[in-house]
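Heads up: the structure comes next, in structure tokens.
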Amino acid sequence: MCYAIPGKILKIEGKLATIDYFGENRTAAALDIIPKHGEYVYAQGGVIVKIVPEKQALESLKEWENVFQELKKIDEQTAKTDETKFTREIRQAIHKANNSIPLSEQEIIGLLKTEDSKLETLLKAANAARQKQQGNACCVHAIIEFSNNCKNNCAYCGIRRENTQIKRYRMSVEEIIARADYAVNKLGFKALALQSGEDEYYDEEKLVEIVKGIKAKCGALIMLSIGEASIETYEKLFQAGAHAALLRFETSNKKMYEQMHCTSFENRIKCLKELKRIGFLVATGALIGLPGQTNEDIARDIALARELEPDVHSFGPFIPHGQTPLASERKPSLQQALKIIAAIRLSTPNAKILVTTALETLASNAREKALASGASSLMLDATPEKYKQLYELYPGKTTAHAKIEEEVIKTIKLLKTIGRAPTDLG
Ligand code: SAH
């Protein structure tokens, strides 16, 4: 967002740049924008997205300098914990994290079984682990939901093929590019997710046109969330300039996966591995609270995410939608969702963990709570207002009627209050 700090290039080695932020060094990939030593850049999600003219960078840095130190102090303060209250499981998780030993699934289950009376302690421990690993770095993505047409029929999803009650829409190529332009060049976002159902109307040619059109106008990380496109298409899209992909494996339980989808679990995992091989930054994760899901399943989800080594972890609650076969199921509680975020943080300490938009439907303060329980990144809905409400994967979308301009102001205010700074670089 306009919440971004320019950093100075200290070193470029191959595709890896070392960037200075007020004396703190971070790394980011130089994929298609290759800055020179001493130049200023914006980076987001671990990728350099724009070279910033020196004069503009210095003016911005002057404004940021004091704020940056102040934010760090606030975050350090809020991350203080009383270690004497830690349970045996938390203590063990922290010991292993400090020694880079992965937690076993049994140990993750131990965390997931934390009693209600110890939940706050678990969440605080996760927040402290986040602070220790990543400082106060955060990343705010915008998401543009460009089509709610889908050829698939996922049992939980409100835009599934068999939902005949929904009004379908598609944004034109020009509309998508114009909206991206607005999100990046007017609102200041530096990372942009483009999401849709699996909609064959957008063939490879159209998708490449969209990515190239956005790239030509915007200095931003483009993240695709379009489902299982072919590997050849993903390769072309990477070459066109999209460097991140969001594709959840939804559940690590193969039987459950195949009951809910018309596609195979193996194919999904294969697709995720191919995305990584191509060079995409990958965001993945699972749905929390699916009917019949056990703590063992969730521990396996967390372990699978860790094995896949994604750049971003995206775990969100399942919210039952009235026009799906799972209409009468229950959604998980905010406490359950926070517990899982904390368990991800403690078992994968260096993870970037996204607060998903679905999680925000569980309570009005869910975003803030998740950021204080181990999560580090956010996603704001920048879909044009006339389409937003139609993109109904689940009901009760908190931002269905919110104006993105107001959301940006609200979010910056929240991040300043809790001491987070936009230096999420990898
Ligand atoms: N078609 C793309 C992206 C759209 S769906 C894809 O398949 O990846 C984006 C995500 O929304 C899915 O990965 C799923 O985890 C989530 N989702 C769908 N229905 C949901 C529901 N009822 N509650 C919560 N999340 C849901």
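Indexing begins at 1, ligand by ligand and atom by atom, following the structure's order.
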State whether the shortest distance between N or O atoms of [X] and N or O atoms of ligand 1 falls below 3.5 angstrom.
X      : value
Tyr394 : no
Tyr391 : no
Ile319 : yes
His321 : no

Q) So does Lys118 have more than 12 non-hydrogen atoms from other groups sitting under 6.0 Å from NZ? A) yes
Q: Determine whether the side chains of Asn253 and Thr251 contain a donor N or O and an acceptor N or O closer than 3.5 Å.
A: no
Q.
Side chains of Ser314 and Arg248: any donor to acceptor distance under 3.5 Å?
A. yes
Q. Is the Phe318 to Tyr156 ring centre distance short of 6.0 Å?
A. no
Does the residue [X] have a heavy-atom contact with ligand 1, meaning some pair of atoms that are separated by less than 4.0 Å?
X      : result
Gly316 : no
Ser196 : yes
Pro317 : yes

Q: Between Leu287 and ligand 1, find which residue part has any heavy-atom pair under 4.0 Å and reply side chain, backbone, both or neither.
A: side chain
Q. Counting only heavy atoms, which portion of Glu250 has something under 4.0 Å from ligand 1: side chain, backbone, both, or neither?
A. side chain
**Q.** salt bridge (Lys or Arg N to Asp or Glu O under 4.0 Å) evaluation trace for Glu235 with Arg277
**A.** CA-CA 10 Å; Glu235 268 170 349; Arg277 183 191 56 76; 3.2 Å; yes
Q) Which ligand 1 atoms, with their elements, are less than 4.0 angstrom from a heavy-atom of Tyr156? A) 18 (C), 19 (N), 20 (C), 21 (C), 22 (N)
Q.
Before you tell me yes or no, could you show the steps for Glu200 and Lys151 under salt bridge (Lys or Arg N to Asp or Glu O under 4.0 Å), namely the whole-Å CA-CA distance, both residues' side-chain angles and the distance that decides it to 0.1 Å?
A. CA-CA 8 Å; Glu200 286 171 346; Lys151 66 174 186 187; 3.2 Å; yes
Q. Distance under 6.0 Å and angle within 45° of the ring axis: does Lys397 meet both against Tyr391?
A. no
Q.
Suppose we measure from atom 9 (C) of ligand 1 to each protein heavy atom; which comes out shortest, and what is that distance?
A. Gln195 NE2, 3.6 Å
